[in-house]
Undergrad: 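Let me begin by handing over the structure; questions about it come next.
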There are 2 protein chains.
Amino acid sequence: MLSHGKAANTTSIEGKPMTAPAVRSRKEFGKTLAVDITHRLRQDIVACRLKPGEPLKFDALRLAFGASFTTLREALTSLTADGLVIAEEQRGFRVAPVTTEDLFDVTNTRVLIEIELLKRSIENGGDDWEIAVMSTLHRLGRIEERLSGNHVEDPEWKIAHRQFHEALVSGGASPTLLGIRASLFERAERYRNLSSMFRPQSRDKVGEHRAIMQAAIARDTDLAISLIDRHIRSTSDNVVKYASHLLTQP
Amino acid sequence: MLSHGKAANTTSIEGKPMTAPAVRSRKEFGKTLAVDITHRLRQDIVACRLKPGEPLKFDALRLAFGASFTTLREALTSLTADGLVIAEEQRGFRVAPVTTEDLFDVTNTRVLIEIELLKRSIENGGDDWEIAVMSTLHRLGRIEERLSGNHVEDPEWKIAHRQFHEALVSGGASPTLLGIRASLFERAERYRNLSSMFRPQSRDKVGEHRAIMQAAIARDTDLAISLIDRHIRSTSDNVVKYASHLLTQP
DNA sequence: ATAGGTATTATTTTCGAAAATAGACCGTGG
DNA sequence: CCACGGTCTATTTTCGAAAATAATACCTAT
């Protein structure tokens, strides 16, 4: 089902001289266990280590994450709001299924939101925005050079990729829109991960990203919009092309 | 602080012959207590019976809702995702504060989303959509006739009003977008409720709604869009005008 | 055989006690 | 007087047991 060994936890050793090895808290992400488990569960779902549609039974989760009913319940409730988990009252939770319908829905919504945020960024983005866009793209390029071929599966590439897209829209500061965007990005990433397992060769993302960056920095709104639109949709088309057999058809 | 009597709990009377009048379950909204409490809490927050910024302490909530820590925690976690509750790790929950920044953010996002959905509805809406739009407007009109003057505070009017706006966008079937819209609508409604307590006279909503309906049914996309845009923004302007003293300035 | 009910088991949901943490209070030493 | 440190209190967070509910297996009467 999944991984997560109980993982020896040597986080946060406090400043005292020679105090015990301090097993203290496996909390990597948040202060409370619940938000920590939320993040870990989210990662497992996005990475498809937990398969779409799979039932999330408490006994199994309790074993895998070493937390109690209540804590897990809270984590699952959070993820339900993100659309990564489905809750059926009185009948437990399961990983949200992947469907072509949902993929298109997510993609269309993403296009709408990303375009709006990109517009605002181009309009209002200052020096720091430009720098963020350029530097995140640069890092992405470096990683791609190093990892010739299939970067898409590399965790470092994924982070850099996410950060570039985040930087791109960071100029238009709307907490609400940015929150929605982040959630949609993850839902989409799950589909990307699904197809990356079957995709033969990755297309020229380097060039695509560079073109988007240039249009944005040049404040060419129309061009930037049309590029990002194509970029997002082509990614989603790729999923349909290479992973359609994994999508449960309605 | 708030209402919600302890409400004697005569749940689950099993099917025996002549057992008591069966008060059966205070669960009005969902099957599980947690989702039920989520809804009740949501209503209390939207209606401002729970004041913006107010800390949500477990002891008090437990008394008011007659549920345990865990159940309340789950409810609060849900509401956090809706932007109605703020969670500060290790320091509990509190009702999301109201600020002009947030109001503008919500309003702008709403305009974006509602316009998109309205576009799609006008493009794809069939007979059932037209009928839904017209009949919900009709009901709204009737209620306004009956309640001359300040309808905005009337719960029946609120429901009819929400249903009209829901019908208007129900043609563009995107679960994701509709979910976002619903959440934003409630966040906005909280602000509306805030200002309605101080607004001297309600402006001509009847006419506004009718005009939107007519433009939509006539499939005049541009007109409908500009009307809904103005409608949403003017509502928000009203809040600033009459309730600005309640908004915590940054 | 089979529909319909009934006991059994599996699983989720809810609870209140116990642990962990933050916040307030208070005295002490600079 | 103020800063620092430690104790006590208020509050949140986590746990595992207990209750409620759904799923399954089994039995009986038609």
Side-chain angles (χ1 to χ4, degrees), chain A residues 1 6 9 11-12 14-16 20 22-41 54-80 85-95, chain B residues 1 4 6-17 19 22-41 54-80 85-95:
Chain A
M1 182 210 156
K6 277 223 149 180
N9 314 316
T11 323
S12 85
E14 18 226 285
K16 283 291 174 304
V23 182
R24 266 204 173 250
S25 103
R26 64 231 119 152
K27 296 173 192 169
E28 289 181 49
F29 293 103
K31 282 191 179 181
T32 70
L33 182 56
V35 321
D36 194 55
I37 289 186
T38 305
H39 283 266
R40 282 164 56 194
L41 253 170
E54 178 173 353
L56 296 163
K57 302 219 183 121
F58 280 98
D59 282 336
L61 292 174
R62 211 146 61 94
L63 203 69
F65 290 90
S68 84
F69 294 111
T70 321
T71 308
L72 287 164
R73 184 155 249 278
E74 189 181 331
L76 290 170
T77 304
S78 292
L79 293 171
T80 299
V85 165
I86 304 287
E88 279 157 314
E89 295 182 38
Q90 303 296 23
R91 304 216 273 116
F93 299 82
R94 62 196 170 85
V95 180
Chain B
M1 182 209 159
H4 293 304
K6 269 219 148 180
N9 311 321
T10 329
T11 319
S12 82
I13 294 146
E14 11 231 291
K16 286 292 169 320
T19 347
V23 182
R24 264 201 174 257
S25 99
R26 63 229 127 147
K27 296 173 191 170
E28 289 180 48
F29 294 103
K31 281 190 178 182
T32 70
L33 183 57
V35 320
D36 195 54
I37 288 186
T38 305
H39 283 267
R40 282 164 54 194
L41 253 170
E54 177 173 354
L56 295 163
K57 304 220 183 120
F58 281 98
D59 281 336
L61 292 174
R62 211 147 62 96
L63 204 68
F65 289 90
S68 83
F69 294 112
T70 321
T71 307
L72 287 164
R73 184 156 248 278
E74 189 182 331
L76 290 171
T77 305
S78 292
L79 293 171
T80 298
V85 165
I86 304 287
E88 278 157 315
E89 296 183 35
Q90 305 293 24
R91 303 213 274 114
F93 298 83
R94 61 196 171 85
V95 180

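Quantities reported herein were computed from a predicted structural model and do not represent experimental measurements. In what follows, every chain begins at residue 1, and chains take the letters A, B, ... in the order their sequences are listed. Computed from heavy atoms alone, side chains included, the values below leave out hydrogens, waters and symmetry copies.
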Undergrad: Once you round it to whole Å, what is the distance between P of D:dT14 and CD of B:E74?
TA: 14 Å
Undergrad: D:dT11 C1' sits how many Å from B:L63 CG, rounded?
TA: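 Distance check: B:L63 CG to D:dT11 C1' gives 16 Å.
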Undergrad: Taking only the side-chain nitrogens and oxygens of B:R91, find out if one of them lies under 4.0 Å from OP1 or OP2 of C:dG23.
TA: yes
Undergrad: Would you indicate which nucleotide in C:dT21, C:dG16, D:dC15 comes nearest to any side-chain atom of B:Q90?
TA: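 Of all the options, the side chain of B:Q90 is nearest to C:dT21.
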Undergrad: Quantify the bending of the helix from C:dA1-D:dT30 to C:dG30-D:dC1 as the angle between its end axes, each fitted on five pairs, to 10°.
TA: 10°
Undergrad: Taking the minimum atom-to-atom distance to the side chain of A:F93, which one of D:dT13, D:dG16, C:dT13 wins?
TA: C:dT13
Undergrad: Where do A:A75 and A:A34 come nearest, in terms of heavy atoms and distance?
TA: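 In terms of heavy atoms, the two residues are closest at CB-O, 4.0 Å.
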Undergrad: Do you know which two heavy atoms are closest between A:H39 and A:V35, and how far apart they sit?
TA: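 Heavy atoms of A:H39 and A:V35 come nearest at CD2-O, 2.9 Å.
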Undergrad: Considering only side-chain heavy atoms of A:T32, which listed nucleotide, C:dG23, D:dA22, D:dT13, is closest?
TA: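 Taking heavy atoms from C-beta onward, the closest nucleotide is D:dT13.
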Undergrad: Measure the distance from CZ on A:R73 to P on C:dT14 and round it to the nearest whole Å.
TA: 6 Å
Undergrad: Remember a base hit wins even if backbone is also touched, and classify A:F69 as base, sugar-phosphate or nothing at under 4.0 Å, heavy atoms.
TA: base
Undergrad: Mind listing the closest non-hydrogen atom pair of B:A67 and B:I37 along with its distance?
TA: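 Looking at all heavy atoms of both residues, the closest pair is CB-CD1, 3.2 Å.
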Undergrad: At under 4.0 Å between heavy atoms, what does B:T70 touch on the DNA or RNA strands: base, sugar-phosphate, or nothing?
TA: base
Undergrad: Please report, rounded to the nearest Å, how far the C1' atom of C:dT14 is from the CG atom of B:D36.
TA: 14 Å
Undergrad: With sequence neighbours excluded, tell me which residues meet side-chain contact (heavy atoms from CB on, under 4.5 Å) with A:F69.
TA: A:F58, A:D59, A:R62
Undergrad: Rounded to whole Å, how long is the line connecting atom CZ of A:F58 with atom C1' of D:dA22?
TA: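 My rounded result for the distance is 14 Å.
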Undergrad: Roughly how many Å is it from CG in B:L72 to P in D:dT12, rounded to a whole number?
TA: 11 Å
Undergrad: At their closest point, which heavy atom of A:Q90 faces which heavy atom of B:K31, and how far apart are they?
TA: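 Where A:Q90 meets B:K31 most closely, the heavy atoms are NE2-O, 3.7 Å.
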Undergrad: I need the minimum non-hydrogen distance between B:R94 and B:E88, along with the two atoms involved.
TA: NE-OE1, 3.2 Å
Undergrad: Round to the nearest Å and state the distance from A:D59 atom CG to C:dT9 atom P.
TA: 17 Å
Undergrad: Expressed in angstrom and rounded to an integer, what is the separation of A:E88 atom CD from D:dA22 atom C1'?
TA: 12 Å
Undergrad: I'd like to check the side-chain contact (heavy atoms from CB on, under 4.5 Å) partners of A:S78; sequence neighbours left out, ordered by chain and number.
TA: A:T38, B:T77
Undergrad: Which nucleotide sits closest to the side chain of B:S68: C:dG16, D:dA22, D:dT11?
TA: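 Output: C:dG16.
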